[in-house]
Amino acid sequence: GAVPKGNATKEFIESLQLKPGQVVYKCPKCCSIKPDRAHHCSVCKRCIRKMDHHCPWVNNCVGENNQKYFVLFTMYIALISLHALIMVGFHFLHCFEEDWTKCSSFSPPTTVILLILLCFEGLLFLIFTSVMFGTQVHSICTDETGIERLQRKNQRRQRRGSWKSVKETFGGAFSLHWFNPFSGPSHPKPLSDRDWVRQVSSVSDTENTETTTEEPSEERKDLDSAEKHEADGLVTSM
């Protein structure tokens with residue numbers, strides 16, 4: 001969901017032919033026009049549409065076009081971790097019932113140590129990825145990213161239905177393709193001119209928007225630690 005860099009030129013903004021009550025947000029960091037629900041990632045050095053967070057595991061942001069893959073990534077790691085724990089449990093039972101020297105090619109003390117380490121690793125990844133999976137599913141169903149939850153008091157937008165948001169993320173009606181990491185969601189449509197423009201209802205709304213582009217210091221710290229969000233620039237036409 002990356003926004004093209006450097007498109008916030010004077011010529012491009014003029015080509016949008018802004019009407020009274022329309023505003024265009026400009027990111028001062030990557031010189032891009034920010035569509036609605038886009039945020040700047042200081043790690044990727046660009047704005048991302050529907051950015052949830054920057055994930056060091058995949059060395060990329062989780063955003064509009066790759067959230068399905070991140071959900072499947074966490075789900076399958078959780079399932080593999082659960083499978084490893086079950087296999088460890090069966091192996092322990094097998095070794096208790098049989099001779100320890102016959103249940104493994106390693107010595108009994110080494111076998112116990114390896115099983116304990118595998119059990120700890122499997123449990124750790126199971127808990128972590130299960131929490132991440134649940135968080136992502138909740139974000140999709142509520143149509144609200146992690147960054148938007150931090151900024152909830154400043155948001156005034158109408159959310160889509162849960163099922164509609166899920167289908168849009170995973171690509172169409174429910175099918176087995178939802179669980180296939182090689183089957184992507186529906187191809188995103190290129191942004192049109194109207195996608196760059198945001199509409200405000202009155203002059204006072206525009207002025208309020210301008211005064212809230214800089215967050216308070218405490219809120220800024222929370223945003224920087226969670227998603228490395230940067231302040232916005234604003235271009236208006238009244």
Inset, instruction - Could you tell me if the ring centre of Phe70 sits under 6.0 Å from that of His53? - result: yes
Legend entry - Distance-minimising heavy-atom pair for Cys44 and Asn60: SG-OD1, 4.1 Å
Inset, instruction - Kindly say whether Arg37 contributes a backbone atom to a donor-acceptor pair with the side chain of Arg49 at under 3.5 angstrom? - result: no
Legend entry - Side chain proximity check, Ile116 to Cys119, heavy atoms < 4.5 angstrom: no
Legend entry - Min side-chain heavy-atom separation Glu144-Ser139 under 4.5 Å: no
Inset, instruction - Can you label the angle between the His94 ring and the His91 ring as parallel, tilted or perpendicular, going by 30° and 60°? - result: tilted
Legend entry - Heavy-atom closest contact (Ile140 atom, Ser165 atom, distance): O-OG, 2.7 Å
Inset, instruction - Determine whether Ile86 and Leu82 make a side-chain contact, defined as any pair of heavy atoms from C-beta on separated by less than 4.5 Å. - result: yes
Legend entry - Closest non-hydrogen atom pair, Asn66 against Cys61: ND2-O, 2.7 Å
Inset, instruction - Kindly check if the number of other-residue, nucleotide or ligand heavy atoms within 6.0 Å of CZ (Phe120) is above 12? - result: no
Inset, instruction - Give a yes or no on whether the backbone of Glu64 and the side-chain of Gln67 come within a donor-acceptor separation of less than 3.5 Å. - result: no
Legend entry - Parallel, tilted or perpendicular: ring planes of Phe128 versus Trp57, cut at 30 and 60 degrees: tilted
Inset, instruction - Keeping the roles fixed (side chain from Trp178, backbone from Lys167), state whether a donor-acceptor pair exists under 3.5 Å. - result: no
Legend entry - Minimum heavy-atom distance between Ser32 and Lys5, given as atom pair plus value: OG-CA, 3.3 Å
Inset, instruction - Determine the minimum heavy-atom distance between Gly146 and Asp52, stating which atoms define it. - result: N-OD1, 2.9 Å
Legend entry - Cluster overlap Leu123 with Val88, hydrophobic side-chain contacts below 4.5 Å: no
Inset, instruction - Ignoring hydrogens and angles, tell me if any N or O in the side chain of Asn7 forms a donor-acceptor pair with the backbone of Ile33 under 3.5 Å. - result: yes
Inset, instruction - Determine whether Phe174 and Val71 fall in the same hydrophobic cluster, where Ile, Leu, Val, Met, Phe, Trp and Tyr are linked whenever their side-chain heavy atoms lie under 4.5 Å apart. - result: yes
Legend entry - Phe92 CZ: over 12 foreign heavy atoms closer than 6.0 Å: yes
Inset, instruction - Spell out, as yes or no, whether a donor-acceptor pair under 3.5 Å connects the side chain of Tyr76 to the backbone of Phe179. - result: yes
Legend entry - Distance-minimising heavy-atom pair for Pro181 and Tyr69: O-CE2, 3.3 Å
Inset, instruction - Examine distances only and state if a side-chain atom of Glu14 and a backbone atom of Glu11 form a donor-acceptor pair shorter than 3.5 Å. - result: no
